[in-house]
Structures are given as structure tokens and as C-alpha cells.
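Counting from 1, the numbers follow the sequence of the chain as shown. Here the structure is a predicted model, which is why all the values come from computation and not from measurement.
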Amino acid sequence: VIKDSCFIIAKLYDGRESEVDIIGFDVKTDLAVLKILDKNLIIGLPVIEIGNSCSLEVGDVVLAIGDPFGFDNTVTQGIVSALGSVKGRTSDLEIPFIGLLDNLIQTDAAINPGNSGGALVDLYGNLIGINMAIISKSGGSHGLGFSIPIDVVKIIVHQLIDEGQAARGWLGVYLSEITWDIAELINYKKNLGVYVHSIISDSPAFKAGIYPGDIIFKINGKCVKNTYEAVQNIIKLRAGDICLLDVYRNEKIISFLINLGSGFDS
């Protein structure tokens, strides 16, 4: 939204306006932190309560707030359809940070053009996500909307405020859930972990010796049950951090110390 902008004006709920400074932005997650310059405007300004997206469950009712087609304060209602890895034709999602597809909230609350960047809230008014994308052939809502979980947003926002840019760690793997047939094929009996579907060439994981077909079941000593938890653990780390992975391969447990890079994927 702010790309190539000469200046930005923030408009408050009561119609007051102020020019803002860009504190930092992250193209890969389409997030930015802006600072209102007129200090008089922020005195007594109400702020939204920050929720906790990790407590979300499929079927929870959510509200998407935005400004579609120039209509202020538009609210649509829906439910959480899925959490974590996005299944289906992800090529229809125009998201630069493809690794984020392992860590999104899918909802059928209508996210029309202009809702992107708006709030996704629960029934108590807590902010649980930022609306970012839809899958649509017509440009309108087809019930396939996606939001960045607030737990991820908080990490990125703090990095933008502290450093002016996001410094997330990058492993360089594509992950998927462990299906019954995969577990049966490799004789894997643990009820946790994620399946390494493929590796990006010359990525930190590639250089460390992670192979397609490996199962990552611990990250820095913490068990991970699915792709959502795996990405959540990686995205909290920064480029240059050392990450310990416990991997199941050929009925053996192997540990890898990986120096994380900076890139687009988990």
C-alpha cells in the first residue's frame, strides 16, 4: 500500500488527519509501522486490544474490518476455516513471502479490495490478525481470505521498530504435514513433526545437509506438531542465529546445527 509513496496521511476514526513517518516496512509480509507526527492527535486515542492467535480454533467466529471500495468502517463476519498450512492452489495467492503460507489464518469473512491491511478481530474485539490476501478470479470475495496471525505480526512489528526492517531467520525448506502413508512408508511412529517436502538450493538447510524426506520433530529442543508450530518457531529467530534441528531419517535421529540466513521461506 505504501510502496513508492511520496507522503502518507493517516485518517482517524473521527475524521482528523495527520502526516506520518514510516518507521519500517517488510515487503515479504506486506506489513509496515507508521508513526503519527501530530502528537495532539494521539492523546487519549483509543487502541485495539491485542489478542492471541495461537488460541484460535477452526470454527471460531471472526470479523474483518476494512475500507473496501472507499466505504469506511466496513465489517464482514465469517468463521476461521483453517489454520496453518494453506492447502490447494497456492499459486493463486500473490504473496511474496511464500513461506508464510505455512502460517496463515484462513477465513470466509469477505475480504474485498480495500480490506487488506485491515483488522481481523474475534467476537470480543481483540485483534487476532491482519487481512492480507484473497483467492479470487473476479476480484471479489469467494470465501477464501487469508490473514497474518497477530502472533507473527507482533514479532515483525517489534523488529521494524527496533531495526527498521524485519530480520527473520530463514531455513530454506518447504514443509508439509505428515500423512498416514508417509509415516507408514518410513516407519515413523511419533505423533509430531513436519515433513520436509523439498529444499531450496544453497539455502542454510541445504548446506547443513537436510534432505527432502526428512522429518523435523524438534526445533531448539522444542517439539513441533505441525507446520504452523514449525514456522512459528523459525520466524521468531533472526538471520545469523544458530538453530538446532532434531531430524528423523532412515529410522535414526540426527541433530543439525544450522546458521540461519535471511530469505523468503521457512
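- Under the 3.5 Å distance criterion, the side-chain polar atoms of Asp214 are matched with a main-chain donor or acceptor of Tyr211.
- Closest heavy-atom contact between Pro212 and His197: CB-O, 3.9 Å.
- Between the side chain of Tyr248 and the backbone N or O of Ile186 there is at least one donor-acceptor pair closer than 3.5 Å.
- In plain terms, the two heavy atoms of Ser176 and Thr227 that are nearest each other are C-CG2, 3.7 Å.
- To the nearest 0.5 Å, atom CD1 of residue Ile48 and atom CD1 of residue Ile150 are 8.0 Å apart.
- Looking only at side-chain heavy atoms (C-beta outward), Val173 and Ser198 stay at 4.5 Å or farther from each other.
- For Ser18 against Ile36, the heavy-atom pair with the smallest separation is OG-CG2, 3.5 Å.
- A 4.5 Å side-chain heavy-atom check between Val196 and Leu175 finds at least one atom pair inside the cut-off.
- Heavy atoms of other residues, nucleotides or ligands lying less than 6.0 angstrom from CG of Asp181 number more than 12.
- Val61 and Leu127 fall into different hydrophobic clusters, defined by Ile, Leu, Val, Met, Phe, Trp and Tyr side-chain heavy atoms under 4.5 Å apart, directly or through other members.
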Walk me through whether Asp246 and Ile216 qualify under side chain to side chain contact (heavy atoms under 4.5 Å, CB included). CA-CA 6 Å; Asp246 288 331; Ile216 300 171; over 6 Å; no

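- Under a 3.5 Å cut-off, the side chain of Asn250 and the backbone N or O of Lys252 do not form any donor-acceptor pair.
- By the 4.5 Å heavy-atom criterion applied to side chains, Ile210 and Ile258 are counted as neighbours.
- Side-chain atoms of Asp122 come within 3.5 Å of backbone N or O of Asn126 as a donor-acceptor pair.
- Summarising the geometry, atom OH belonging to Tyr195 is positioned 9.5 Å from atom CD1 belonging to Ile178; distances are rounded to the nearest 0.5 Å.
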Trace of the side chain to side chain contact (heavy atoms under 4.5 Å, CB included) decision for Phe217 with Leu245: CA-CA 8 Å; Phe217 66 91; Leu245 298 185; over 6 Å; no

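- Ser5 places no side-chain N or O within 3.5 Å of a backbone atom of Ile8 that could act as its donor or acceptor partner.
- Partners of Asp151 according to the salt bridge (Lys or Arg N to Asp or Glu O under 4.0 Å) rule, which considers only residues two or more places apart in sequence or in another chain, are Lys154.
- Two residues are said to be in side-chain contact when any heavy atoms from C-beta on lie closer than 4.5 Å; Ile234 and Ile219 meet this criterion.
- Under the 3.5 Å distance criterion, with hydrogens and angles disregarded, no donor-acceptor pair is assigned to the side chains of Ser81 and Asp108.
- Residues Val33 and Leu37 do not share a hydrophobic cluster, defined by chaining ILVMFWY side chains whose heavy atoms lie under 4.5 Å apart.
- Between Val247 and Ser255 the shortest side-chain heavy-atom distance does not fall below 4.5 Å.
- Gln106 places no side-chain N or O within 3.5 Å of a backbone atom of Gly145 that could act as its donor or acceptor partner.
- The line from CG of Leu160 to CD1 of Ile22 is 11.5 Å long, rounded to the nearest 0.5 Å.
- With hydrogens and angles disregarded, no donor-acceptor distance shorter than 3.5 Å links the side chain of Asp26 to the backbone of Leu31.
- Note: Leu171 CG to Cys243 SG = 6.5 Å, rounded to the nearest 0.5 Å.
- Summarising the geometry, atom CD1 belonging to Ile148 is positioned 4.5 Å from atom CE belonging to Met132; distances are rounded to the nearest 0.5 Å.
- Asp60 is not listed as a side-chain neighbour of Ile79, based on a closest heavy-atom distance of 4.5 Å or more.
- For the residue pair Val58 and Ala82, the shortest heavy atom distance occurs at CG2-CA, 4.0 Å.
- A continuous path of ILVMFWY side-chain contacts below 4.5 Å connects Ile253 to Ile182, so both sit in one hydrophobic cluster.
- Taking a cutoff of 4.0 Å between a charged side-chain nitrogen and a carboxylate oxygen, Lys35 and Asp21 do not qualify as a salt bridge.
- Between the side chain of Asn233 and the backbone N or O of Glu229, at least one donor-acceptor pair lies under 3.5 Å.
- Leu41 CG to Lys11 NZ: the interatomic distance, rounded to the nearest 0.5 Å, is 13.0 Å.
- Of all heavy-atom pairs between Pro204 and Gly261, the closest is CG-N, 3.4 Å.
- When atom types are taken as modelled, the side chain of Glu163 and the backbone of Gln159 share no donor-acceptor pair closer than 3.5 angstrom.
- Within the 4.5 Å cutoff, the side chain of Ile156 has no heavy atoms near those of the Phe25 side chain.
- In the hydrophobic clustering of this structure, Ile215 does not group with Phe256; members are Ile, Leu, Val, Met, Phe, Trp, Tyr whose side-chain heavy atoms approach within less than 4.5 Å, directly or through other members.
- Cluster membership check: Tyr124 does not share its hydrophobic cluster with Ile130, using side-chain heavy-atom separations under 4.5 Å among Ile, Leu, Val, Met, Phe, Trp and Tyr.
- Within 6.0 Å of CD in Glu19 there are more than 12 heavy atoms belonging to other residues, nucleotides or ligands.
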Output, in order, the C-alpha distance, side-chain angles, deciding distance and verdict of side chain to side chain contact (heavy atoms under 4.5 Å, CB included) for Leu12 and Glu17. CA-CA 6 Å; Leu12 304 185; Glu17 297 181 348; over 6 Å; no

Under the side chain to side chain contact (heavy atoms under 4.5 Å, CB included) rule, what do Leu260 and Arg238 come out as? Steps first, then yes or no, please. CA-CA 7 Å; Leu260 296 177; Arg238 296 174 178 247; over 6 Å; no

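- Between Leu56 and Leu83, the closest side-chain pair of non-hydrogen atoms falls below 4.5 Å.
- Among all heavy-atom pairs drawn from Glu57 and Val80, the shortest one is O-CB, 3.7 Å.
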